[in-house]
2 protein chains.
Amino acid sequence: MKRHQVTIIDIARKLNISKSTVSRALTGHPSVRPETRQSVMDLAESMDYQRNMLAINLSSSQSKTIGIIVPEFVTSFFPIVIMGAQEIAAEAGYSVLICQSNETYETEVVNARVMLANRVDGVLISMTRETKNFAHFEIFKRKGIPMVFFNRVCHEIEAPKVVVDDYEGAFKATEHLIFSGKERIAHLAGPPSLYISRKRLEGYKDALRKHKRPIIDELIISYDLNLENVKIYIKYLLDLPQPPDALFAVNDPTAIEALKVIREHGLKIPEQIAVVGFSNDYGSALIEPGLTTVAQPTRDIGRVSAQLLLDQINTDSSFWKPITRVLKTELIIRGSSQRG
Amino acid sequence: MKRHQVTIIDIARKLNISKSTVSRALTGHPSVRPETRQSVMDLAESMDYQRNMLAINLSSSQSKTIGIIVPEFVTSFFPIVIMGAQEIAAEAGYSVLICQSNETYETEVVNARVMLANRVDGVLISMTRETKNFAHFEIFKRKGIPMVFFNRVCHEIEAPKVVVDDYEGAFKATEHLIFSGKERIAHLAGPPSLYISRKRLEGYKDALRKHKRPIIDELIISYDLNLENVKIYIKYLLDLPQPPDALFAVNDPTAIEALKVIREHGLKIPEQIAVVGFSNDYGSALIEPGLTTVAQPTRDIGRVSAQLLLDQINTDSSFWKPITRVLKTELIIRGSSQRG
DNA sequence: ATAATTTCTGGGAACGCTCCCATGAAATGG
DNA sequence: CCATTTCATGGGAGCGTTCCCAGAAATTAT
């Protein structure tokens, strides 16, 4: 077959006009005679012409692509966020370049370089758990490439952020357990290095304080989100002289794992111990009993982040504002905390 | 800030050498003096130089990108496939451009144009349910861009395909129900337009035949995969004069929905009616009782497809072979079909 | 009719890189 | 000591666009 790609020059030659005119006709520039435009369009169509984004990108030195760096793909959370972002990006004619950092700092640095090399017009970032150094993100700033952080945000860098109201969500969840008559509410928290862990912990504590409940340190466990270990923590909690009668877990996978372990221990849920999670993952509705959880508008996180990013891309950098958008959560009550 | 991107010319000027030499030094060309290379590398590093893929792509007229067109993102299936593909692609230095067709033919056609415009080096495709016309795929063929179909494959086009053994999976699932002593096994099938639906139906029928069971037409329902309707079909089945004592559903979402509806009807699972799904979605292990299902090596589908595509990319098109890779399934037995 | 404006088109630089070809210097051989 | 080969480098075309700047042609104003 012919390997030659058809270009605007081919069209120009056949029509005996200049490539400039062809370019103008194709891009919809006003100053081109309607008949000329039509003949160009027709010929392009019949020649199977496809504009070469590679050339356009180079010429315009922008890629019409936004990059997304996420830590993982194993839970449904990030794919859904990406979906949301992709929707908005696609509407605006942008492609999406996705990189996973696999929760490791080194990969994240490499990913950042990939983004740079591909001249993305902006980046959406959710950091790894272990990222403590932000030089790889500062480069974006230096090069004038807008960033938006979401979910796992970076407070050391001035950039828009999109988060859900972790504090309020945790507060509502804990309050719900208090209202259900629970007295000893344990909290299986995430690592303190994660902002969301701290916020959820704070919401948990404040809810207890508001309702004049003691904050019992032995009922608060901070762990590294490695699900393997949940079993150990739950066993520890249940074996306490005064075991908890409720558990608020930092996220749904943790809560679901806890649910299973508790079931194995033969305790009645929610009577003997109620469980509440956070994020309303797919699966939380399926498990028996259904998991009470704090739903976050996952898809919206992606949509809002992408929109914020596009806004920055289309604005002079001197007008950029590091606003933080806090999305509301919703408490979804199921069988793990309330007999229906 | 300075908006100017650092280029090889900047480096060349500072070092008083030509851009050719800089280019060679940076790309690891052998014929460049070690000291020269080192000084180039050092300066590049200190100047925050990033190679411009846009220019490289144009110059080499290949994008080092593979495209993936998938119908949807709502189940975890495609994200996982994409993950697998991305892994392999990344290893080989390729980026991934993802498009969703939202199960609509028109969007799929647009997606194909996007791929073409972005000069992807190859495409991974899983078609929409409604794709009947394949002209948009033929273009890839004409342009010499390799394709690999996966999951929802296209038999009208000669290209490598990656599928799981739907027939065998369905066969094993049905046989398992027969071995469990079930006599009237219903099948909630997918639309006949989908190859996988037909294959699974075939496996189901052949298993019945092998074990000399009658194929009862009223127990076979083909539906459009719109979960809303599952309730109706289940009710129909349960209200039959001779209701089924087992159900083999075309996929897990269907089976899970069925499970819920059956539970509402107050029937005992698996004693009164056993349920088996297909695909081992996330969630199938969580639901109570656990769903017996045919697991497909989802991530491997992505990995194998991507590998096949890369093989084609690196091979002269005259050597391309339209091989079909059939990946094995595994029956996972849980509580929905067997008292454990 | 001539001047001033508007409309349309062509030419060519620029985007940043790769890669072929040429060239001069150093190294090798007879 | 000169011819030949090797090595390191420079020069420049090419990738396919866009977009600015000139002109030519057509239109309007004077």
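Numbered from 1 within each chain, the chains take letters A, B, ... in sequence-line order.
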Protein-proximity profile, nucleotides 14-20 of chain D, B/S/- by nucleotide at the 4.0 Å heavy-atom cutoff, equals BBBBBBB
(message) Would you say CD of B:E35 has more than 12 non-hydrogen atoms from neighbouring residues, nucleotides or ligands within 6.0 angstrom?
(response)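 Counting neighbours around CD of B:E35, more than 12 heavy atoms of other residues, nucleotides or ligands fall under 6.0 Å, so yes.
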Under 4.0 Å between any heavy atoms, over every strand shown, what does B:N16 touch: base, sugar-phosphate, or nothing? Just pick one.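 The answer is sugar-phosphate, as B:N16 gets under 4.0 Å only of primed atoms, P, OP1 or OP2.
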TODO: Give one of base, sugar-phosphate or nothing for B:I17, where a contact means two heavy atoms less than 4.0 Å apart.
DONE: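 Sugar-phosphate, backbone atoms only, no base.
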DNA chain C: 5'-most and 3'-most nucleotides touching chain A, 4.0 angstrom heavy-atom criterion: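 Footprint of chain A along DNA chain C, 5' to 3': C:dC8 to C:dG16.
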request  = Carefully, step by step, assess A:I323 and A:L308 under the rule side chain to side chain contact (heavy atoms under 4.5 Å, CB included).
outcome  = CA-CA 9 Å; A:I323 50 169; A:L308 242 36; 4.1 Å; yes
Q) When you check the side-chain N and O atoms of B:E108 and B:T131, is any donor under 3.5 Å from an acceptor? A)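 Their side chains do contain a donor-acceptor pair, which is all the 3.5 Å distance test asks for.
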Review point. If you measure only the distance, is there a donor-acceptor pair under 3.5 Å linking the side chains of A:S318 and A:D316?
Key: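 Result is yes, a qualifying pair exists.
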- Message: Quick check against the 3.5 Å criterion: does A:S39 have a side-chain atom that pairs as donor or acceptor with the backbone of A:T36?
- Response: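 Yes, A:S39 side chain to A:T36 backbone: donor-acceptor pair under 3.5 Å.
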message = Between B:S23 and B:S20, is the side-chain hydrogen bond (donor to acceptor under 3.5 Å, both in side chains) condition met? List the steps.
response = CA-CA 5 Å; B:S23 170; B:S20 311; over 6 Å; no
Pairwise salt bridge (charged side-chain N to carboxylate O under 4.0 Å, His left out) hits with a residue in residues 68-90 of chain B, at least two apart: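 Residue pairs passing salt bridge (charged side-chain N to carboxylate O under 4.0 Å, His left out), neighbours aside: B:E87-B:R299, B:E87-B:R303.
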Sole residue of B:V114, B:N118, B:L116 in side chain to side chain contact (heavy atoms under 4.5 Å, CB included) with A:Q50:
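Per the side chain to side chain contact (heavy atoms under 4.5 Å, CB included) rule, the option paired with A:Q50 is B:L116, out of B:V114, B:N118, B:L116.
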Note to self: Suppose the criterion is side chain to side chain donor-acceptor pair (under 3.5 Å): which pairs have a residue in residues 144-156 of chain B, not counting sequence neighbours?
What the structure shows: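 Of all non-adjacent pairs touching residues 144-156 of chain B, those that pass side chain to side chain donor-acceptor pair (under 3.5 Å) are B:E103-B:R152.
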Can you list everything that forms a salt bridge (charged side-chain N to carboxylate O under 4.0 Å, His left out) with A:R37? Sequence neighbours excluded, please.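 Partners of A:R37 under the salt bridge (charged side-chain N to carboxylate O under 4.0 Å, His left out) test: none.
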At 10 degrees resolution, what angle do the end axes of the helix from C:dA1-D:dT30 to C:dG30-D:dC1 form when each is taken over five base pairs?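 Inter-axis angle at the termini of the helix from C:dA1-D:dT30 to C:dG30-D:dC1: 50°.
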